[in-house]
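Before any comments, here is the structure.
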Amino acid sequence: MFNIGIRMKEVLEKGQPGSEITVMGWVRTFRNNQFIALNDGSTNTNLQVVAELGKFDDSLLKRITTGAALKVSGKLVESPGKGQHVELKANTIEILGDSDPEKYPLQPKKHSLEFLREIAHLRFRTNTFASVFRVRNTVAFAIHKFFNEKGFVYLHAPIITASDAEGAGETFHVTNFDLENVPRTPDGKVDYKEDFFGRHANLTVSGQLEAELGATALGNVYTFGPTFRAENSNTTRHLAEFWMIEPEMAFYDLEDNMNLAEEFIKYIISYTLENCKEDMAFLDARLTDEEKTKPQQERSEMGLVEKLQFVLSHTFERVSYTEAIDILKNCNYNKKKKFKYPVNEWGIDLQSEHERYLVEKHFKKPVILYNYPKGIKAFYMRSNEDGKTVAAMDILVPGIGEIVGGSQREERLDNLEQRMKEMNVPVDEMYWYLDLRRFGTVPHSGFGLGFERVVQFVTGMTNIRDVIPFPRYPKSVEF
RNA sequence: UCCUCCUUAGCUCAGUUGGUUAGAGCAUUUGACUGUUAAUCAAAGGGUCGCUGGUUCAAGUCCAGCAGGGGGAGCCA
């Protein structure tokens, strides 16, 4: 059995001077041939290990290089130096793993996020990424905690599916075929009957339809799993593989849905602020630092933690699509033709610049837009009495844009079938989805929350590729 | 996929109207110092200037194509 040491977070928070301890971690810097800044990933604060002069062989000291892994035993003492309360006076230092300083790419200095993205296998060893991934973990935990406390059932939606009829985006194909020699039918088409599943399959683009099946039996469910979109998207807020949370609630109408989504987002934020104080303070300072390099005009008015607290203490603005169009149509921005896409008629899809205007300039807080024109929304959304709109809602937040997309689902069989036909969704193939409406149909609602976008919002990281351990996007599956 | 900007040492960047041997800080190596906080001081090593082609007496610098990256847009979460 390996002699497991004590975690540094614990040592730094409540270590008693005079106690004998053993710690293990990686060297951040080695100063003055005497002071080792050691980090074990439990916190960004390093434990200072003191190797007294003359006590250790030069050959050992030479191997204490940035990135090397050490096991250190000794006595915890009050630190005479500034910058830390306690430090570890080393009795024994064991090199667990050497790190060639000529080749180790991380230095005790600031690295650009772009450079660190190219060495994503090592970036966990930086303060920024260690904080981001500890926060990501806490956000994930908060999500499960929130739903668990509300009696939701965590439902595992399948990752491989046969349905690609949702129009949620381009799918990745799943096949066992030898791609150099694909079986063909007599008329030259790909013969999917010969494939593993006996028909065409793909990676899931959404667990929503499956969640609906669960919700109409279990009551309230949520999914939380990987989602795949084969879109050629090259942006700071899209990934080919990302994680999505999709709650689905029986007997919820659109307003219940909006209430839950707002409560949910606020819960995640407040839980993370409460349980990741140190990391959030670090990320707050990091962002402030980064903002200093921007021109005054582009800097945000609030710091990260301040912004999150502001979100917690204000209700999200609820605005119907129709009201939003009126605001946009009549705003000075539009009249002065500052929008690339001018707003002049009801029914247009809102562009990023319009959403940003509403959230960042007009309301200056999160906004829930609801009741969209049916022409720009999915087939499964419930038609409103006006015949023009559907009971959809999107939650928009400053800096990120859309973070939640949801709706009340169409529970009336006739209406749903009609919409499917209008939008060329294969009715026969989706018999199982329609069965919900045949046997004990009930009003129900749900939404999808992009996990990485929430982590972006909470950490203040501007590029989504920096909040997932190993990002997948076009032309990138390294690591 | 579209628009736009960028690519010079391990990292971050400078490099004049095209002109001789391409620079700095940090990192690395060596030495000095020894209660440091991204230690300090001194010295040294380190470059196919993204790739390919073109213009020119002469290209890191100008032009074209390609590749990679950033930002914005679309698609969306």
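Protein chains get the first letters and strands the later ones, always in sequence-line order, with residue 1 at the start of each.
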Checklist entry - Side chain of F35(A): nearest nucleotide among rU28(B), rG35(B), rA73(B)? => result rG35(B)
Checklist entry - NA contact type, E102(A), heavy-atom cut-off 4.0 Å: base, sugar-phosphate, or nothing? => result sugar-phosphate
Checklist entry - Quick one: which of T389(A), D394(A), N371(A) gives a side chain to side chain donor-acceptor pair (under 3.5 Å) with K377(A)? => result D394(A)
Checklist outcome for this item: Y104(A) atom OH is separated from rU29(B) atom P, nearest whole Å, by 15 Å
Item to check | Opposite nucleotide pairing with rA44(B), Watson-Crick or G-U, both atom distances under 3.5 Å | outcome: rU28(B)
Checklist entry - For RNA chain B, whose closest nucleotide is more 5', that of T29(A) or that of L350(A)? => result T29(A)
Item to check | Spacing of D349(A) atom CG relative to rG74(B) atom P, expressed in whole Å | outcome: 9 Å
Checklist entry - Roughly how far apart, to the nearest Å, are rU56(B) and rG68(B) at atom P? => result 32 Å
Checklist entry - Considering Watson-Crick and G-U wobble pairs with both distances under 3.5 Å, what does rA73(B) pair with? => result rU1(B)
Next on the checklist: Mind checking if S112(A) touches a base, just sugar-phosphate, or nothing, with heavy atoms under 4.0 Å?
Outcome noted: sugar-phosphate
Checklist entry - Are OP1 or OP2 of rU36(B) and a side-chain N or O of N32(A) less than 4.0 angstrom apart? => result no
Next on the checklist: Between P on rA39(B) and CG on L61(A), what's the gap in Å once rounded to a whole number?
Outcome noted: 16 Å
Checklist entry - Going by atom types alone, do H444(A) and E212(A) pair a side-chain donor with an acceptor below 3.5 Å? => result yes
Checklist entry - Does the side chain of T235(A) get closer than 4.0 angstrom to OP1 or OP2 of rC76(B) through an N or O atom? => result no
Next on the checklist: Is the phosphate of rG70(B) approached by N234(A) (side-chain N or O, under 4.0 Å from OP1 or OP2)?
Outcome noted: no
Next on the checklist: Between rU36(B) and rA73(B), how far apart are the two P atoms, rounded to whole Å?
Outcome noted: 49 Å
Checklist entry - Looking for any heavy atom pair under 4.0 Å, which part of the strands does V404(A) touch: base, sugar-phosphate only, or nothing? => result sugar-phosphate
Next on the checklist: Output the rounded distance in Å from CD (E353(A)) to P (rG71(B)).
Outcome noted: 20 Å
Checklist entry - What integer distance in Å separates K475(A):NZ from rC66(B):P? => result 14 Å
Next on the checklist: Nearest to the H111(A) side chain among rG35(B), rC76(B), rC11(B), which nucleotide is it?
Outcome noted: rC11(B)
Item to check | E422(A) atom CD, over 12 foreign heavy atoms within 6.0 Å | outcome: yes
Checklist entry - Under 4.0 Å between a side-chain N/O of R31(A) and OP1 or OP2 of rA39(B), yes or no? => result yes
Item to check | Six-ring centre of F457(A), K307(A) cation under 6.0 angstrom, axis tolerance 45° | outcome: yes
Item to check | Under 3.5 Å on both distances, the Watson-Crick or G-U partner of rU55(B) | outcome: none
Checklist outcome for this item: Against the side chain of P108(A), the closest entry in rG72(B), rU36(B), rA38(B) is rA38(B)
Checklist entry - With a 4.0 Å cut-off on heavy atoms, is P105(A) in touch with a base, just the backbone sugar-phosphate, or nothing at all? => result nothing
Item to check | Nucleotide forming a Watson-Crick or wobble pair with rA67(B), both distances under 3.5 Å | outcome: rU7(B)
Item to check | Minimal non-hydrogen separation, A261(A) against I395(A), with atom names | outcome: CB-CD1, 3.6 Å
Next on the checklist: Regarding K103(A), tell me which of base, sugar-phosphate or nothing describes its non-hydrogen contacts under 4.0 Å with the strands shown.
Outcome noted: nothing
Checklist entry - Within this structure, what is the CG-to-P distance between N127(A) and rA38(B), rounded to whole angstrom? => result 11 Å
Next on the checklist: Under 4.0 Å, counting only non-hydrogen atoms across every strand here, what does R117(A) touch: a base, just sugar-phosphate, or nothing?
Outcome noted: sugar-phosphate
Item to check | Neighbour count above 12 (heavy atom, 6.0 Å) for K364(A) NZ | outcome: no
Item to check | Side-chain donor-acceptor pair present, R286(A), T288(A), cut-off under 3.5 Å | outcome: no
Item to check | Gap in Å between the two C1' atoms, one belonging to rG23(B) and one to rU61(B), rounded | outcome: 15 Å
Checklist entry - How long is the line joining CD of Q351(A) and P of rA73(B), in whole Å? => result 10 Å
Checklist entry - What distance, rounded to whole Å, do you find between the two P atoms, one in rA9(B) and one in rC51(B)? => result 11 Å
Checklist entry - Base, sugar-phosphate alone, or nothing: which one does E452(A) contact when heavy atoms must sit under 4.0 Å apart? => result nothing
Item to check | Per K82(A) side chain, nearest of listed nucleotides rU37(B), rG74(B), rG35(B) | outcome: rU37(B)
Checklist entry - What's the closest nucleotide to the K109(A) side chain, out of rU12(B), rU34(B), rG74(B)? => result rU12(B)
Checklist entry - Rounded to the Å, how far apart are I400(A) CD1 and rA73(B) P? => result 12 Å
Checklist entry - If you measure from the P atom in rG45(B) to the same atom in rU29(B), how many Å do you get, rounded? => result 16 Å
Item to check | Interatomic distance at C1', rG19(B) relative to rC26(B), whole Å | outcome: 32 Å
Item to check | Sugar-phosphate only, base, or nothing, as touched by L106(A) at under 4.0 Å among non-hydrogen atoms | outcome: nothing
Next on the checklist: Within a 6.0 Å radius of atom CZ on F172(A), are there more than 12 heavy atoms belonging to other residues, nucleotides or ligands?
Outcome noted: yes
Checklist entry - Taking atom types as modelled and ignoring hydrogens, do the side chains of S131(A) and D279(A) form a donor-acceptor contact shorter than 3.5 angstrom? => result yes
Checklist entry - If you measure from the C1' atom in rU8(B) to the same atom in rU55(B), how many Å do you get, rounded? => result 22 Å
Next on the checklist: Tell me if the CD atom of E20(A) is crowded by more than 12 foreign heavy atoms within 6.0 Å.
Outcome noted: yes
Next on the checklist: Need one value for E87(A): base, sugar-phosphate or nothing, where a base atom within 4.0 Å counts as base even if backbone is also close, heavy atoms only.
Outcome noted: base
Item to check | rA24(B) versus rC41(B) - spacing of their P atoms, nearest Å | outcome: 16 Å
Checklist entry - Does the rG10(B) base have a donor-acceptor partner in the side chain of Q107(A) within less than 3.5 Å? => result yes
Checklist entry - Under a 3.5 Å cut-off for both distances, is rG35(B) Watson-Crick or wobble paired, and to whom? => result none
Checklist entry - RNA chain B: T65(A) or R465(A), which has the more 5' nearest nucleotide? => result T65(A)
Next on the checklist: Of the listed nucleotides (rA73(B), rU36(B), rA38(B)), which one gets closest to any side-chain atom of S79(A)?
Outcome noted: rU36(B)
Next on the checklist: Holding to ring pair (Phe, Tyr, Trp, His ring centres under 6.0 Å), I want the full list of residues that pass it with Y252(A), two or more places apart in sequence or in another chain.
Outcome noted: none
Item to check | Distance-only donor-acceptor test (3.5 Å): side chain Q84(A), base rU36(B) | outcome: yes
Checklist entry - Just checking S233(A): base, sugar-phosphate only, or nothing, at a heavy-atom cut-off of under 4.0 Å? => result base
Next on the checklist: Strictly below 4.0 Å: does R237(A) bring a side-chain N or O up to OP1 or OP2 of rG72(B)?
Outcome noted: no
Checklist entry - Which of residues 38-49 of chain A have a heavy atom under 4.0 Å from RNA chain B? => result Q48(A)
Checklist entry - Is it true that the side chains of S79(A) and Q48(A) contain a donor and an acceptor less than 3.5 Å apart? => result no
Next on the checklist: Using a 4.0 Å heavy-atom cut-off, does F115(A) contact any base of the nucleic acid, only the sugar-phosphate backbone, or nothing at all?
Outcome noted: sugar-phosphate
